[in-house]
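Since we're looking at a predicted model, the values are computed, not measured.
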Amino acid sequence: MKNYNLQKFQEDLHEINITLTSHQVDQFITYYEMLIAKNKVMNLTAITEFDEVLKKHFVDSLSLAKAYNLKKDISLIDIGTGAGFPGIPLKIAFPELQVTLLDSLNKRVNFLQEVIEQIGLKNVEALHGRAEDFAKPNMVREKYDLCVSRAVSNLSTLSEYCLPYVKVGGSFISYKSEKVFEEMEQAEHAIKILGGKVEKQIGFTLPSSDIYRNLIVIRKCKSTPKQYPRKAGTAAKNPL
């Protein structure tokens, strides 16, 4: 393992009230090295420089702590996890979480399973499939306390993908950029139909940067009607 300079990473985490053990830091470094090695043979991330990965992937993922108390035993599903963001950083930093990582590309899921095994994560699974399929009643519908997504879809589409997984009383939290307010207005109708209500919006810049982020916290108030999510591709083509 290389001798990385982790001072800025530790300072950034301190700003969001997260302290890591040396073992957790080692897990993050191993994850980074596996990400960069695998990225040479398949497209996982356009961000590869060490400090940038720490800031734009790891710290960004962990900024969820600004919106939700993660220091407890809760079930979390990460929809469209890609290379494992935000689910794996959250699991490393908050080992009590029970985490499911869902992605539609099997090669990415295989990579995630390698990471999980290599860094010794427990109570975490990586599933290959579409968000529309695993939300069926005989799968994992309304099974999770928390659903998260850093996917780039609009909030209406993401809500249809994500809210069906959340228990009544649980939350869906979407990671967004600064251009979110019009999107939130356009998504109000969909969120209501799907049984949710926007509880709060938390805007901030990542520590020591000009990178602006929004966390949109949507509370699940009632069960999602059984016809949602619609069949594959419909939510993206025709948002509610």
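Ion pairing between D12 and K55 holds under the 4.0 Å rule for side-chain N and carboxylate O.
If you take CD1 on I88 and CG on L121, they are separated by 6.5 Å, rounding to the nearest 0.5 Å. With rounding to the nearest 0.5 angstrom, the CG atom of N154 is 13.5 Å from the CE atom of M184. Here the straight-line distance linking atom CG of L105 with atom OG1 of T81 works out to 12.0 Å at 0.5 Å rounding. From H23, atom NE2 reaches atom CD1 of I119 across 8.0 Å, with rounding to the nearest 0.5 Å. The OG atom of S63 sits 12.0 Å away from atom CD of E15, with the distance rounded to the nearest 0.5 Å. Between the CD atom of Q201 and the CG atom of N214 there is a distance of 4.0 Å, given to the nearest 0.5 Å.
Ring-centre distance between Y212 and F204: not below the 6.0 Å cut-off. A ring-centre distance under 6.0 Å is not found for Y175 and F85. F58 has its ring centre no less than 6.0 Å from the ring centre of Y32.
Panel note: side chain S209, backbone L206; a donor-acceptor pair is recorded below 3.5 Å. No donor-acceptor pair under 3.5 Å is formed between the side chain of R219 and the backbone N or O of G196. Between the side chain of K107 and the backbone N or O of M42 there is no donor-acceptor pair closer than 3.5 Å. Side chain of Q24 to main chain of I92: a donor-acceptor pair is present (N/O by atom type, distance under 3.5 Å, no hydrogens or angles). In this structure, the side chain of H189 does not engage the main chain of L240 through any donor-acceptor pair within 3.5 Å. Of the possible donor and acceptor atoms, none in the side chain of D78 sits under 3.5 Å from a partner among the backbone N and O of L101. Under a 3.5 Å cut-off, the side chain of S104 and the backbone N or O of R130 do not form any donor-acceptor pair. Although no hydrogens or angles enter the test, the distance criterion places a donor-acceptor pair under 3.5 Å between the side chain of T30 and the main chain of D26. With N5 contributing its side chain and Q7 its backbone, the two residues share a donor-acceptor pair below 3.5 Å.
Annotation: side chain to side chain donor-acceptor pair (under 3.5 Å) contacts involving residues 35-50, sequence neighbours excluded, comprise T45-H57.
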Stepwise salt bridge (Lys or Arg N to Asp or Glu O under 4.0 Å) check, D145 with K167: CA-CA 6 Å; D145 300 304; K167 298 175 182 176; 3.2 Å; yes

Worked verdict on K176 versus E183 for salt bridge (Lys or Arg N to Asp or Glu O under 4.0 Å): CA-CA 10 Å; K176 287 289 180 181; E183 192 175 327; 2.7 Å; yes

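Side-chain contact of E182 with Q186: a donor-acceptor pair under 3.5 Å is present, judged by distance alone. No side-chain donor from either of Q98 and S75 sits under 3.5 Å from a side-chain acceptor of the other. Side-chain contact annotation: T157 with E160, donor-acceptor N/O pair under 3.5 Å absent.
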Result block: side-chain N/O donor-acceptor pairs under 3.5 angstrom for residues 133-143, not counting sequence neighbours:
unit_1, atom_1, unit_2, atom_2, d
R141, NH1, A135, O, 3.0
R141, NH1, Y228, O, 2.8
R141, NH2, T224, O, 3.2
R141, NH2, P225, O, 3.0
R141, NH2, Y228, O, 2.8
E142, OE1, S223, OG, 3.3
E142, OE2, K220, NZ, 3.0
E142, OE2, T224, N, 2.9

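Note: the hydrophobic cluster containing F181 also contains I216 (ILVMFWY, side chain heavy atoms under 4.5 Å, direct or indirect links).
Open room surrounds CD on E117; 12 or fewer heavy atoms of other groups in view lie less than 6.0 Å from it.
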